[in-house]
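I have placed the structure first, in the form of structure tokens, so that the comments after it can refer back to it.
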Amino acid sequence: MKQYDAIIIGFGKGGKLLAAELAGRNWKVAIIERSPKMYGGTCVNVGCIPTKTLIHEARHTERLYQNDFENQSKQYKLAVRRKDKLVSYLREMNFVSVKTNSNITLYNGTATFVSDNVVKIVSPQEKEILLKGKEIFINTGSIPILPDVGGINESKHIYTSETLLQESKLPARLLILGAGAIGLEFATIYASFGSKVILLEAGNRFIPNTDRDIAESMLDSLKRKHIEVRLNVHSQSVFDTADGITLTYTNGSDGTPYFVEGDALLLATGRRPRTDELDLHAAGIQTDARGAIIVNEQLHTTSPHIWALGDVRGGALFDYLSIDDYRIISNQLFGDKKRRTDDRSPVPFAIFTDPPLAHVGITEEEAVKHGYSIQVSRLPAALIPRTRTLQSIDGMMKAVIDTHTGCILGCTLLCVDAPEVINMVTMAMKTGQSYSFLRDFIFTHPSVSEGLNSLFKAF
């Protein structure tokens, strides 16, 4: 049995960074990854990087070949090739960074716990290896949730967000089940490439955790891309036809039956922690009802010397939180032990639609619910000169402040460059700045960020 100072199960972002630091401190580290195609984790291979690459390609294609499906299809195929080339490059970089480090050993295979300090690896050749670790870190990420819909296992036209990214043929008609972040991003990508997209959502409220004015603005933007949104969709079954796939469903409000046809159906019904194969009970590790590993504020599991970081511990599934998880663990091992998961608020998020949606803090509806005395400002994106030069005028900026303190309670940006600009608002909130800090800040011109001057000038 080989012994290591640390065993890291999963080659994701947080685990990769942790491995590099531990190895730099002369720890002997083992990394276990079930597939060579997942070196670097979800973000690099089947998440952030490939989808954001295609979003960029789709915008370019839309401007050049709008309503020209033949050329859009050709551009889509080329875009997938370029995406694959980038992913391969980043995956190889991750592999090289590990293989060239003499203190890190990379194992390919499926890991399961034998005890709280022993892990068994079953290689692709069915060979078993036992490893013993002083500290063990679980970084196995998440996998798509498959809804309970009849026929999905038999259909040849059903995809998840991971498998659709591998297809080089552009579907003329794409059905998307689920209007969360994944569904919205894919709807934007494929509509911009030329697919006829129908977005089907089980709930009766579009992007439910967002204020209604923002949601309506997003709907308007989707309609301009000819994306059809249907709510109250209770899916019943799917079946393949000579022309593609048919989804049958009922309307949740009145039970009326419907069917909708497409060439492909994307299941965008969320992701869940990948814990099924780990045999966690053998190590005394507890999970919640969704299979997420239960951790404390320092990312310790219920078993001594075993930690969990990234998507596998549940909560918001953001790559940048996995990176911060690594920082917390590093601080616990080598620092002053003050870093915790409950000290990093506020945390922004972004959905890379076109235009993208970014948010930090609380919404207007939440502020009212919690009894704050508030003021609200809204700024149409079209009033910012930079949106004109970028030919992207859809959307709006919105800010909520505390009337008594002048503190920014929340900010929502539905506009071009929103994922970049929201970071400035987050820093202002994190450092306790008044709204006047952004109102009077000197931004470059022309830039979308200078819209914050006008947004906060209203108070």
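Model, not experiment: these values are computed from the prediction.
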- Sequence neighbours excluded, which residues qualify as side-chain contact (heavy atoms from CB on, under 4.5 Å) partners of E21? R25, Y326, S330, F334
- Message: Could you check whether D5 pairs with K28 (Lys NZ or Arg NE/NH1/NH2 to Asp/Glu carboxylate O, under 4.0 Å)?
- Response: no
- Looking at residues at least two apart in the chain, or sitting in another chain, which of them share a ring pair (Phe, Tyr, Trp, His ring centres under 6.0 Å) with Y65? none
- salt bridge (charged side-chain N to carboxylate O under 4.0 Å, His left out) partners for D343, two or more places apart: R339
- Going by the salt bridge (charged side-chain N to carboxylate O under 4.0 Å, His left out) test, which pairs reach into residues 398-415, not counting sequence neighbours? D211-K398, D213-K398, E364-K398
- Query: Is a side-chain donor-acceptor pair under 3.5 Å present for T389 with R386?
  - Reply: yes
Please tabulate, one pair per line, all N/O donor-acceptor pairs under 3.5 Å involving side-chain atoms of residues 34-42, not counting sequence neighbours.
unit_1: S35; atom_1: OG; unit_2: K37; atom_2: N; d: 3.1
unit_1: Y39; atom_1: OH; unit_2: N108; atom_2: OD1; d: 2.7
unit_1: Y39; atom_1: OH; unit_2: N108; atom_2: ND2; d: 3.1

Show me the donor-acceptor pairs within less than 3.5 Å that the side chains of residues 452-459 make with the rest of the protein, sequence neighbours left out.
unit_1: N453; atom_1: ND2; unit_2: L438; atom_2: O; d: 2.9
unit_1: N453; atom_1: ND2; unit_2: R439; atom_2: O; d: 3.1
unit_1: N453; atom_1: ND2; unit_2: F441; atom_2: O; d: 3.0

- Query: With R82, which residues qualify under salt bridge (charged side-chain N to carboxylate O under 4.0 Å, His left out), at least two apart?
  - Reply: E57
- Query: By side-chain contact (heavy atoms from CB on, under 4.5 Å), which residues pair with A202, not counting sequence neighbours?
  - Reply: none
- Note on the structure: Hits for salt bridge (charged side-chain N to carboxylate O under 4.0 Å, His left out) against R212, two or more places apart or cross-chain, chain-then-number order -> none
- Query: Listed by chain and number, what are the ring pair (Phe, Tyr, Trp, His ring centres under 6.0 Å) partners of H234, not counting sequence neighbours?
  - Reply: none
- Item | Contacts of type salt bridge (charged side-chain N to carboxylate O under 4.0 Å, His left out), residue R344, not counting sequence neighbours | D324, D325
- Any side chain to side chain donor-acceptor pair (under 3.5 Å) pairs touching residues 195-208, not counting sequence neighbours? R205-E365
